[in-house]
Amino acid sequence: MDQDIFVVIEHLRGQIADVSYVMLAGARQLTQDTGGKVMAVLLGHNAQGLANSLAADGVLYIDHPALAEFNSDAYQIALASMIKERSPRLVIFGHSSIGMDIASGLSAKLGIPVVNSCRTFTADGKFVSQICGGKIMAEGDLPTPTALITMVPGGYKSEQGQSTQSATMTAASTPALDGIRIRLKQYIEPDTSDLDIARETMLVSVGRGIQNKDNIELANELAEALGCAVSASRPVVDQGWMPTTRLVGKSGKRVKPKIYLALGISGAPEHVEGMSDSQVIIAVNTDPNAPIYNIARYGTTVDMFDLLPVLTDKIKQAR
Amino acid sequence: MKIAVPVKFVPDLVEELTIDPGGTALDTSWLRLIINEFDDHAVEQAILLKERVGGQVIVAMAEAEGADDFLFASAAKGADQLIRLTGDFSSSNNHALARALADLLKELKPDLILTGVQAHNDLDGSIGPLLAEYLGLPYVGYVAGLTAAADMVTVRKEYAGGLIAEMEVKLPAVLGIQAAEQPPRYVAYSKIRQVMSTAKIEERAVASLDLSGGITISRMFQPEVTERATMMGGSPEEVADKVIEIFKELGTL
Ligand SMILES: Cc1cc2nc3c(=O)[nH]c(=O)nc-3n(C[C@H](O)[C@H](O)[C@H](O)COP(=O)(O)OP(=O)(O)OC[C@H]3O[C@@H](n4cnc5c(N)ncnc54)[C@H](O)[C@@H]3O)c2cc1C
């Protein structure tokens with residue numbers, strides 16, 4: 001295809017988000033198979049320094065005070081004009097709080113198709129998207145002449161998108177960024193009053209399979225016997241059964257304990273994103289097709305309510 | 001405040017999903033559909049907002065098996081207007097659905113549109129931002145909590161790692177809801193039954209779907225796994241013994 005691939009770099013408060021490197025690594029893989037250059041697209045204000053770590057053939061930079069913080073209105077105006085002017089082959093966004101706010105809108109605005117949740121590209125240049133909570137993959141040709149992509153992590157290593165040699169930076173033309181209807185008021189820092197699950201060496205983690213708040217006690221008892229902490233998936237936190245500080249995943253913490261015991265967690269991509277670096281994952285899930293078994297080292301389809309009391313007792317005895 | 005909530009049904013992931021003989025789509029013959037969980041949160045958030053600031057809540061969705069039950073349940077929770085889009089949605093995509101919803105919402109002119117931040121089967125973009133663009137409105141997604149004033153909402157947008165950005169968005173606007181401030185409330189079936197005798201669902205025919213901007217799938221499949229988990233079978237006692245062995249091997253017991 002031999003046309004450039006744009007990667008929209010995500011950054012917040014002076015830090016590049018990891019998904020940016022994953023996207024660069026994916027774009028590099030694709031250009032090796034199909035040609036073209038990898039161009040990092042950086043939008044910001046006095047943010048040139050952020051380009052240093054990006055493994056790209058070039059950086060297109062737009063500097064404007066309205067781009068100092070992420071703003072979906074300002075980002076969309078700036079990117080729409082850049083895409084129209086330069087007709088790239090692909091524009092890759094993170095399937096994230098930043099990328100998902102703008103990719104679909106740009107698709108509607110510019111009449112360019114958008115592919116969601118792409119995890120990898122095949123050697124012949126097809127997208128492979130991960131859908132249905134990780135249970136299904138969908139493959140297809142990248143729409144032509146231009147396509148927008150939102151990319152999920154997991155398919156490429158972020159180290160491969162990092163570089164110590166800075167790429168040549170080109171200032172791209174800045175359109176008028178008027179009529180912005182969104183304004184950042186303030187950031188609210190994550191709660192740090194609780195223990196940091198990212199530092200734990202062992203976690204008993206509960207998912208929606210736990211059914212109700214009272215049953216959390218079963219996990220607490222097991223964790224106590226093991227001398228470790230309890231973490232949770234999003235539905236458990238959204239139900240108010242566990243505090244947000246214990247959330248593992250895309251919107252919570254990234255953990256990498258020696259042992260991650262997943263109880264009644266299906267293994268949705270948003271959860272896996274936060275725990276796939278665990279050394280050993282042991283999954284307890286009654287659904288033999290649960291995606292968690294694709295990443296767990298050990299698994300059992302025994303009902304957790306039958307297993308937990310027995311396991312807790314036996315561990316107490318073993319101590 | 002007039003709040004519209006477009007929602008959609010998705011395959012229930014608890015069921016086994018199979019690919020149809022054509023190999024490019026899910027086999028729908030046994031597929032059980034349920035409400036997209038983030039849309040369920042959007043309905044809850046709309047009702048919470050109505051309880052705080054007053055107004056009306058409109059819930060709209062394309063026809064599907066179980067759609068009426070969901071709409072009546074929404075009314076039992078506090079929704080004021082129920083709309084079912086009718087037409088052939090069998091080969092629809094998000095672009096087409098967003099266009100059909102945009103036509104409806106242009107007439108209803110809500111102050112605020114809340115919808116789930118995503119659905120697990122989205123392939124060609126997400127409904128919220130597509131809708132925002134077709135309506136010429138601002139969009140903010142990953143929203144977990146908001147307060148409303150006369151011409152503006154202040155939203156809590158989630159970033160990775162628990163960081164929150166508080167953003168002001170001019171109304172009218174579209175928001176992608178990640179989680180309502182409270183878990184979606186439960187309504188007793190008796191209450192839904194009661195509502196069914198009074199509430200009515202308005203039907204609105206969608207003549208033709210415009211699928212442009214969508215994508216084509218050439219193959220759908222279950223993930224190919226290089227290394228699946230070693231499964232531990234047997235009674236709970238036997239499994240517990242195996243788990244303890246693993247703990248011991250790893251030096252954690
Ligand atoms: C933008 C965005 C961000 C998100 N961020 C996160 C995040 O940070 N973290 C996160 O976790 N999720 C996140 N999610 C949600 C994610 O998509 C999934 O919905 C969620 O991870 C599912 O949680 P779960 O596995 O606990 O529940 P489910 O998917 O409902 O799985 C429950 C599992 O329990 C099993 N089960 C039921 N009963 C038993 C039993 N008795 N014994 C054993 N097993 C049983 C079932 O077979 C099932 O597999 C996010 C979603 C979005 C859209």
Side-chain angles (χ1 to χ4, degrees), chain A residues 12 17 72-73 97 100-101 103-105 107-109 111 113-116 129 131-133 135-141 143 181-188 190 202 238-240 244 250-253 258-259 266 280 282-283 289 293-294 296-300 302 306-307 310-311 314-315 318, chain B residues 11 13-14 16-17 26 118 120-126 129-130 132-134 138-142 154 157-170 179 183 213-223 225 228-232 236-237 239-241 243-244 246-247 250 252-253:
Chain A
L12 277 175
S72 76
D73 269 354
S97 193
M100 282 174 74
D101 266 19
S104 299
S107 165
K109 194 193 287 285
V114 58
V115 180
N116 270 34
S129 290
I131 57 169
C132 297
K135 283 193 158 179
I136 298 289
M137 308 303 283
E139 184 181 293
D141 289 322
R181 301 157 294 186
I182 298 163
R183 191 181 77 86
L184 174 73
K185 225 173 129 189
Q186 61 168 336
Y187 285 112
I188 300 168
M202 186 164 27
D238 284 344
Q239 289 289 330
T244 318
K250 184 187 178 103
S251 42
K253 288 260 167 68
K258 208 162 170 180
I259 299 185
S266 63
V280 174
I282 308 174
N289 296 314
Y293 292 128
N294 299 342
R297 177 90 60 88
Y298 302 100
T300 179
V302 163
D306 296 332
L307 178 66
V310 181
L311 183 59
K314 285 185 182 265
I315 286 172
Chain B
L13 296 181
V14 170
E16 190 176 337
L17 303 178
L26 288 181
Q118 72 168 47
H120 66 63
N121 62 348
D122 285 341
L123 269 169
D124 64 317
S126 334
L130 286 169
E133 184 55 37
Y134 291 136
Y139 175 80
V140 176
Y142 283 59
T154 305
K157 177 178 176 63
E158 289 192 352
Y159 286 120
L163 178 69
I164 303 226
E166 218 173 47
M167 288 182 171
E168 291 176 345
V169 190
K170 275 197 188 135
I215 59 171
T216 308
I217 300 302
S218 53
R219 184 164 84 101
M220 211 174 252
F221 55 100
Q222 327 255 354
V225 180
R228 246 181 105 78
T230 306
M231 298 306 281
M232 301 176 283
E237 284 75 16
V239 172
D241 286 335
V243 172
I244 287 172
I246 298 166
F247 283 153
L250 292 162
T252 52
L253 247 187

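Below, read A as the first sequence line, B as the second, and so on, with proteins coming before strands; counting in each chain starts at 1. Here the structure is a predicted model, which is why all the values come from computation and not from measurement.
Of the atoms belonging to A:Val302, it is side-chain heavy atoms, and not backbone ones, that fall under 4.5 Å from chain B. In this structure, chain B has a heavy atom under 4.5 Å from the backbone of A:Arg297, while its side chain stays farther away. At a 4.5 Å heavy-atom cutoff, the contact between A:Ile136 and chain B is made by backbone and side-chain atoms alike. Both the backbone and the side chain of A:Met100 come within less than 4.5 Å of a heavy atom of chain B. Contact of B:Val243 with chain A is made through the side chain alone, with heavy-atom distances under 4.5 Å. Neither the backbone nor the side chain of B:Ala132 comes within less than 4.5 Å of any heavy atom in chain A. Heavy-atom distances place no part of A:Ala103 under 4.5 Å from chain B, backbone and side chain included. When heavy atoms are compared at a cutoff of 4.5 Å, B:Thr216 approaches chain A solely by way of its backbone atoms N, CA, C and O.
A:Lys135 places no side-chain N or O within donor-acceptor distance of the main-chain N or O of B:Leu17, the cut-off being under 3.5 Å. At distances below 3.5 Å, at least one donor-acceptor pair connects side-chain atoms of A:Ser104 with backbone N or O atoms of B:Ser126. At least one donor-acceptor pair closer than 3.5 Å links the side chain of B:Ser218 to the backbone N or O of A:Glu139. With B:Lys157 contributing its side chain and A:Leu184 its backbone, the two residues share no donor-acceptor pair below 3.5 Å.
Put simply, of B:Glu166, B:Met167, B:His120, the one with the most heavy-atom pairs under 4.5 Å next to chain A is B:Glu166. Between chain B and the residues A:Ser72, A:Cys132, A:Gly140, A:Pro113, the largest count of heavy-atom pairs under 4.5 Å involves A:Cys132. Contacts with chain A were tallied for B:Asn121, B:Ile217, B:Ile215, B:Leu163; B:Leu163 has the most, counting heavy-atom pairs under 4.5 Å. Of all the listed residues (A:Thr244, A:Ile315, A:Asp73), the one sharing the greatest number of non-hydrogen pairs under 4.5 Å with chain B is A:Ile315. Most heavy-atom pairs under 4.5 Å with chain A, from the set B:Val14, B:Thr154, B:Val225: that is B:Val225. Options B:Met231, B:Glu237, B:Met220 differ in how many heavy-atom pairs under 4.5 Å they form with chain A, and the most are formed by B:Met231. Ranked by heavy-atom pairs shorter than 4.5 Å toward chain B, the options A:Leu311, A:Ile131, A:Asn294 are led by A:Asn294. Ranked by non-hydrogen atom pairs under 4.5 Å with chain B, the options A:Gly240, A:Pro143, A:Gly111, A:Ser107 are led by A:Ser107. Ranked by heavy-atom pairs shorter than 4.5 Å toward chain B, the options A:Asn289, A:Val280, A:Leu12 are led by A:Leu12.
The minimum heavy-atom distance between B:Glu133 and A:Gly105, with the atom names listed, is CG-O, 3.3 Å. Nearest heavy atom pair, residue B:Leu123 against residue A:Ser129, reads CD2-CB, 3.9 Å. The two residues A:Val310 and B:Ala240 come nearest to each other via the heavy atoms CG1-CB, 4.1 Å. Considering every non-hydrogen atom in both A:Ser251 and B:Glu158, the closest pair reads CB-OE1, 3.6 Å. Taking each heavy atom of A:Gln239 and B:Pro183 in turn, the nearest pair found is OE1-CB, 3.5 Å.
Rounded to the nearest 0.5 angstrom, A:Lys185 NZ and B:Glu168 CD are separated by 5.0 Å. We find the CG-NZ distance between B:Leu253 and A:Lys314 to be 13.0 Å, quoted to the nearest 0.5 Å. Rounded to the nearest 0.5 angstrom, A:Ile259 CD1 and B:Leu250 CG are separated by 4.5 Å. Annotation: the span from A:Asp101 atom CG to B:Tyr142 atom OH amounts to 8.0 Å, rounded to 0.5 Å.
B:Asp124 meets the salt bridge (charged side-chain N to carboxylate O under 4.0 Å, His left out) test with no other residue; sequence neighbours excluded. The side chain to side chain donor-acceptor pair (under 3.5 Å) check on A:Asp141 picks up nothing, with sequence neighbours excluded.
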